[in-house]
Amino acid sequence: MPQPIREDPPPSPAGHDGDDAWYEGDLTPEAFQALGYRVIDAIAAYLHEVRDVPVFAGRTPEEVARLFEEPLPEHGQDPERILAEWSEKVLPNATHLGSPRYFGFVNGSGSTMGILAEALAASVNMNAGGWKPAPSATEVERRTLAWLAELIGYDPACGGLLTSGGMMANFTALHTALRNTAPYDTTPRGLQDPARTGRFLVYASDHEGHVSLVRAVDMMNLGREALRRVPSHDDYTMDVAALRRMLDEDRARGDHPFCVVAQVGSVNVGAIDPLNEIADVCAEYGLWFHADGACGAVGAMLPELRPRYAGLERADSVTLDPHKWLYIPYECGCVLLRDPDQQHRAFSMHAPYLRGILPDAHLGLDYYENGPQMSRGFKALKLWMTLKHYGAEGYRLLLRQNVRCAGHLDALVRADADFEALHRPIINLYCFRFRPARLRDAADAQADYLDRLNQQIADAIQLSGLAFVMTSQLRGRIVLRLAICSHRTTINDIERVFDELRRLGHRFDQEAA
Ligand SMILES: Cc1ncc(COP(=O)(O)O)c(C=O)c1O
């Protein structure tokens, strides 16, 4: 319980003040408790059935929008009625990322501890932008970042911060990279110095380098072409010899290469670039080494996979997304930055109202000085509580289950003449194709047919509600793609989904014949 306030509080306004109406903004304690229990009951009932709910409602955007067409409420409404709308309108039109058969994007399932943490964090409503408005939230975040670093074999003395997601983590890393590697101080005039020439360039692999990197350089106004695409090998990892050639050519032209981004679990196939080789190049050329491990960095927690991550500890910055493969409820991204001073240099700015002017024993780490956001929610609580609940051991078991599921799916695909394996799964991301045996040697003319067929299969399984499988593109062709980021997915779920994909594939192929 909070301690009593130490001095007499000033008199507070109560009831009416002259002619000004006084509006009570809180639910009464009794109403809050009654409604709160109902909310908890609703969540518990939902969790009870989340394994079996149709994963996707299948309604059109117009149908869903129509449900929410209503005038702005001028008068307050009955809380019971508001809660009923959750059950009547919101929940039935949700997509259930918590289902064990949701495999879309790279979306995590949401831990149960995380759900409770969200409510607790909201109840106190600290602003984790500054130490003073959030002393414990700041220190929980700082501790959680050190734990994350330790879990993946990175230096726990690093800086970093939690972000809305991988996109903002990549942006934070690239902004810090540019500020700390540019051949002149970009703080006062940015890139708008007419005396300066040469483009600032970032490098990532061509097939799998994530689109968020394009947005990051775009947000930095470097132009989208500032992301240079390095050719990759057959296994989708970066060709480091090609990287060297590009760096030499670009430098000779007078440009400023400043950062290489390694994929650490690429978005489609989970490829992990040769991290030590890239770290060597960065050291040699004086470049920032950023590891985009939004999807896959946490795979380094598994001792059996750790050798693939050798060199990750040398990165200047690492993106990893707890709301992806650590199952934390949205939003929760993270960037780790090796040198907290460099991070501070990139973002620090002062305003008297933020810190006060004179020295104070209660000034601590202000995250607003170390990242793009000023006000920030207490995201760390859901991660801290979930990490304590599972422990490193529990997390390892869950991640291993997901990797095993991807391996099992690969085995099913390879054993079936009507499917085509496209890569070996490394982590929890897997792409493959339905390709009837009769089209095994299909000419290019039939490739379009196979594209359409696979898209049709993905659309149909989504609409069936059984599973949420999407397509993606690999080497220009449409493929089925599963991101297995649910702590609830079992081998049985994988087999059910595979059987259904096969059934749909045969059905559509026969209908087209
Ligand atoms: C490799 C990679 N980086 C960054 C991101 C962006 O993450 P977010 O959607 O959390 O912003 C993703 C998203 O899938 C990703 O796969």
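Residue numbers start at 1 and run along the sequence shown. Here the structure is a predicted model, which is why all the values come from computation and not from measurement.
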Which word best sums up how the rings of Y46 and H96 line up, parallel for under 30°, tilted for 30 to 60°, or perpendicular for over 60°?
-> tilted
Report the relative orientation of the aromatic rings in F200 and F258; use parallel for angles under 30°, tilted for 30 to 60°, perpendicular for over 60°.
-> perpendicular
Side-chain contact test, heavy atoms from C-beta onward, threshold under 4.5 Å: evaluate it for [X] versus [Y] and give yes or no.
X: L120; Y: M385; answer: yes
X: M246; Y: P231; answer: yes
X: R400; Y: E304; answer: yes
X: E331; Y: K379; answer: yes
X: C259; Y: L287; answer: no
X: R433; Y: D451; answer: yes
X: D321; Y: C295; answer: no
X: N268; Y: V479; answer: no

With a 4.0 Å cut-off, would you call E511 and R507 a salt bridge?
-> yes
Pair D448 + R477: basic N to acidic O under 4.0 Å = yes
Check: N428 side chain, I484 main-chain N or O, donor-acceptor pair, under 3.5 Å | yes
Under 6.0 Å from the six-membered ring centre of Y236 and within 45° of its axis: does the NZ or CZ of R475 meet both?
-> yes
Among [options], which residue meets the side chain to side chain contact (heavy atoms under 4.5 Å, CB included) test with [X]?
X: Y327; options: T386, L399, T112; value: L399
X: V264; options: L320, T319, L312; value: L312
X: V217; options: L178, V202, N170; value: V202

Between N107 and F468, does a side-chain contact (heavy atoms from CB on, under 4.5 Å) hold up when you go through it step by step?
-> CA-CA 11 Å; N107 290 163; F468 197 90; over 6 Å; no
Could you go through the ring-ring contact (aromatic ring centres under 6.0 Å, His included) check for F419 and F434 one step at a time?
-> CA-CA 4 Å; F419 280 89; F434 182 76; 5.2 Å; yes
Applying side-chain contact (heavy atoms from CB on, under 4.5 Å), run through E85 and E70 and close with a yes or a no.
-> CA-CA 13 Å; E85 290 195 71; E70 60 174 322; 4.2 Å; yes
Modelled atom types, side-chain donor and acceptor of T237 and D235, under 3.5 Å |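 T237 vs D235: donor-acceptor pair found between side chains.
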side-chain contact (heavy atoms from CB on, under 4.5 Å) evaluation trace for L145 with E141 | CA-CA 6 Å; L145 293 175; E141 180 159 347; 4.3 Å; yes
Given side-chain hydrogen bond (donor to acceptor under 3.5 Å, both in side chains), test D248 with Y285 step by step and report yes or no.
-> CA-CA 9 Å; D248 290 338; Y285 286 72; 2.9 Å; yes
